[in-house]
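Note sheet for the following structure.
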Amino acid sequence: AEHEPRLTFEAPLGSVHTVEKVGGATSRGEHSYGVEVQFKDMRNFRFAFKQEGHSRRTIYDSLLKFSFPVNFSGQLFAFDHFKHESLSTHDKQHGWDIFSMTKELRRIGVPNEGWRLSCINEEYLFCGTYPSVLPVPAAISDAQLEGTGSFRSRTRVPVLSWLHPENHSSLTRGSQPLVGKLGKHSRDDELYLEEISKANPNSQRLVVMDARPKLNAIANKAMGGGYEDEEHYANMELVFLDIGNIHVMRESLRKLRDMCYPSIDDAHWMSNLENTHWLDHIKLVLAASNRVVDLMDRCKVSVVVHCSDGWDRTSQVCALAMLLMDPFYRTIRGFAVLIEKEWLAFGHKFQQRCGHGDKHSADEQRAPIFVQFIDAVWQITQQFPCAFEFNEFFLITILDHLYSCRFGTFLGNSERERQSVRTKTRSLWAHISERREDFANTFFSQYLHNHVLCPVVSIRRLQLWTAYYARWNPRMQPQENEQDRVVELYRLCARLQSQCVEMEIKLK
């Protein structure tokens with residue numbers, strides 16, 4: 001009706017997952033003819049149209065064109081947003097400088113006697129999915145790196161992620177060895193892992209943590225991959241972490257989406273959640289990270305982590321372990337550095353996993369790996385609410401802009417691909433620094449938690465993150481936002497303190 005109030009929906013077109021027509025010319029019933037839009041952030045919109053004159057065609061075509069510019073010779077919103085934002089060139093580049101591989105390595109004490117920085121990948125010719133600077137054992141030459149690279153999937157040799165500041169145990173990450181059905185081995189690779197263990201003055205033992213289930217690793221041998229044979233590697237122990245692959249995680253999130261939207265089955269809520277296995281997967285990732293922390297911090301043992309190609313499960317486990325061991329990564333700036341290093345620089349395939357601007361929603365390369373990581377971080381913040389400088393809104397904002405395509409931070413699949421993006425888009429970290437107060441945790445007490453965190457990973461301690469997954473369902477929205485209320489009280493306290501100071505001055 002003409003006098004009915006207009007109902008407005010706001011959602012970034014970059015986060016559209018699918019656009020589908022509902023019903024046809026012969027459909028009967030209310031709202032049986034229209035367009036349904038499903039978003040990557042768990043919400044669905046259905047718009048009803050009149051059947052006369054094909055009224056939905058223009059809307060449908062426009063939604064396809066602007067939601068999936070990759071398929072219609074267009075460009076992602078981040079590039080248009082950059083052009084039309086009224087900022088100086090300097091301000092537009094703000095945020096891209098938050099991370100430097102060499103600066104971050106210097107912060108953790110590298111280079112040193114055990115580790116050096118190799119420029120073999122300066123032009124991204126050695127490994128196209130790795131950063132330009134590679135921290136490797138000091139005793140390993142670039143020629144030996146070439147030999148090791150030929151035995152590792154996609155040339156992703158094990159490189160240093162983090163060095164323990166006290167006992168000098170190392171966390172390195174790479175990809176699976178190319179063992180194959182014939183059980184091949186490489187002397188260069190064996191010497192390389194031996195030098196990783198030698199770089200640790202407190203223990204010559206080395207633990208290789210394969211993030212995959214053992215059966216999957218065995219199956220990969222048939223396709224030329226595989227895992228390390230303990231007979232060929234000195235002082236090495238191999239451990240499988242049993243974390244499922246991208247297809248398992250994608251199906252799990254699909255079930256979770258169906259459970260939370262558009263309607264909720266109260267009678268079967270707990271059993272439906274259990275059937276998604278989402279929390280089971282979160283538990284496995286957290287448990288794996290805990291094992292890394294225990295080995296490095298308590299046992300003083302160096303750890304190598306890999307999965308198949310080393311850009312999904314490996315990123316999850318390494319980043320979470322570093323978050324638990326290093327308080328710097330629990331700050332707003334530090335967490336941005338962690339994402340830039342372990343996810344962006346080391347080649348998590350954000351473009352493929354998120355499908356930015358691509359209409360092929362059934363693409364088997366899509367998977368919620370980064371979403372799962374942020375969920376695991378949220379689980380840790382629930383157990384240590386005063387250990388993190390950032391709040392829940394900070395984590396949700398990162399996930400919102402993972403899909404929004406408003407910023408260039410998560411575009412592309414590697415550091416190499418992102419080189420041209422940096423000068424044409426804004427960084428998410430600039431946006432966050434401009435609104436830092438909104439993302440600050442008012443309970444943050446760094447001096448109380450300047451130590452290693454050990455979260456309990458039992459299922460009974462894990463929760464469904466309803467503030468993210470179910471936020472679009474009106475039945476799941478909180479009556480009052482706790483963080484907003486706390487911020488409001490802190491601001492009131494600050495105003496009262498200011499008034500007290502003014503009154504003291506007047507009385508004097």
Side-chain angles (χ1 to χ4, degrees), residues 11-22 35-46 63 67-68 211-213 216 242-286 307-308 311-313 315-316 348-376 378-379 395-396 398-400 402-405 410 459 462-476:
L13 291 174
S15 66
V16 171
H17 181 56
T18 59
V19 180
E20 297 179 345
K21 292 179 179 178
V22 178
V35 173
E36 184 169 331
V37 185
Q38 188 179 85
F39 290 81
K40 297 170 185 175
D41 61 6
M42 309 291 281
R43 56 182 150 175
N44 285 26
F45 290 160
R46 177 175 285 196
L63 280 171
S67 300
F68 308 120
R212 302 167 293 181
N216 292 26
D242 296 320
I243 302 172
N245 60 26
I246 61 172
H247 313 296
V248 172
M249 303 309 170
R250 183 176 59 248
E251 176 63 14
S252 180
L253 186 68
R254 183 195 66 77
K255 292 178 179 178
L256 185 61
R257 178 198 300 274
D258 292 344
M259 182 187 114
C260 294
Y261 206 88
S263 61
I264 288 175
D265 181 0
D266 282 334
H268 302 95
W269 171 260
M270 298 304 295
S271 59
N272 287 342
L273 176 59
E274 183 180 5
N275 290 336
T276 69
H277 297 292
W278 184 254
L279 292 182
D280 295 319
H281 300 315
I282 297 291
K283 175 190 172 182
L284 284 172
V285 174
L286 284 170
C307 45
S308 297
W311 50 46
D312 291 316
R313 290 165 282 196
S315 295
Q316 290 178 327
H348 177 66
K349 301 164 74 173
F350 280 100
Q351 186 69 39
Q352 287 193 9
R353 296 293 181 257
C354 300
H356 295 313
D358 189 346
K359 69 179 181 179
H360 298 107
S361 59
D363 184 353
E364 289 198 348
Q365 288 299 308
R366 296 197 186 182
I369 304 302
F370 186 72
V371 174
Q372 200 172 50
F373 162 70
I374 296 293
D375 190 332
W378 178 82
Q379 301 287 346
L395 297 176
I396 291 175
I398 290 174
L399 288 184
D400 282 345
L402 167 68
Y403 295 127
S404 74
C405 296
F410 297 117
I459 277 289
L462 302 183
Q463 311 167 51
L464 177 64
W465 189 12
T466 54
Y468 177 71
Y469 299 114
R471 58 181 163 155
W472 307 115
N473 193 310
R475 295 179 61 191
M476 294 294 289

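Quick note: residue numbers are just sequence positions, from 1. Since this is a predicted model, take the numbers as computed values, not measurements.
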Q352: partners by side-chain contact (heavy atoms from CB on, under 4.5 Å), with sequence neighbours left out:
K349, Q365, N413
Taking only residues two or more places apart in sequence or in another chain, which ones pass side-chain contact (heavy atoms from CB on, under 4.5 Å) with E251?
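Residues passing side-chain contact (heavy atoms from CB on, under 4.5 Å) with E251: R254, K255.
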Does S252 offer a backbone N or O that forms a donor-acceptor pair with the side chain of T276 under 3.5 Å?
no
Side chain proximity check, [X] to [Y], heavy atoms < 4.5 angstrom:
X: D358; Y: R366; value: yes
X: K40; Y: P368; value: no
X: I374; Y: V371; value: no
X: F68; Y: H360; value: no
X: V16; Y: L63; value: no
X: L464; Y: L256; value: yes
X: H281; Y: Q316; value: no
X: I243; Y: M249; value: yes

Could you go step by step and tell me if D41 and L399 meet the side-chain contact (heavy atoms from CB on, under 4.5 Å) rule?
CA-CA 8 Å; D41 61 6; L399 288 184; over 6 Å; no
Any chance you could lay out the side chain to side chain donor-acceptor pair (under 3.5 Å) test for Y469 and W278, step after step, and finish with the verdict?
CA-CA 12 Å; Y469 299 114; W278 184 254; 3.2 Å; yes
Would you give the length of the straight line joining atom [atom1] of [X] to atom [atom2] of [Y], rounded to the nearest 0.5 angstrom?
X: L284; Y: D242; atom1: CG; atom2: CG; answer: 7.0 Å
X: R353; Y: L402; atom1: CZ; atom2: CG; answer: 12.5 Å
X: F373; Y: L286; atom1: CZ; atom2: CG; answer: 10.5 Å
X: R43; Y: W472; atom1: CZ; atom2: CH2; answer: 3.5 Å
X: I246; Y: S308; atom1: CD1; atom2: OG; answer: 9.5 Å
X: I369; Y: C354; atom1: CD1; atom2: SG; answer: 10.5 Å

Measure across [X] and [Y] and return the closest heavy-atom pair with its distance rounded to 0.1 Å.
X: S361; Y: T18; result: OG-CG2, 3.3 Å
X: C405; Y: H356; result: SG-ND1, 3.6 Å
X: R313; Y: P213; result: NH1-CD, 4.1 Å

side-chain contact (heavy atoms from CB on, under 4.5 Å) between W465 and I282, intermediate numbers included:
CA-CA 11 Å; W465 189 12; I282 297 291; over 6 Å; no
side-chain contact (heavy atoms from CB on, under 4.5 Å) assessment of S67 paired with K359:
CA-CA 8 Å; S67 300; K359 69 179 181 179; over 6 Å; no
Any side-chain donor paired with an acceptor under 3.5 Å for Q379 and D375?
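Indeed, the side chains of Q379 and D375 share at least one donor-acceptor pair under 3.5 Å.
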How about N245 and H247: does a side-chain donor come under 3.5 Å of a side-chain acceptor?
no
Around H268, counting heavy atoms of other residues, nucleotides and ligands shown, do more than 12 lie under 6.0 Å from its NE2?
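Not buried by this count: 12 neighbours or fewer within 6.0 Å.
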Parallel, tilted or perpendicular, as decided by the 30° and 60° cut-offs, for the rings of F410 and F370:
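Geometry flag for F410 against F370: tilted rings.
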Taking the inter-plane angle between the rings of F350 and H348 on a 0 to 90° scale, is it parallel (under 30°), tilted (30 to 60°) or perpendicular (over 60°)?
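Ring orientation, 0 to 90° scale: perpendicular.
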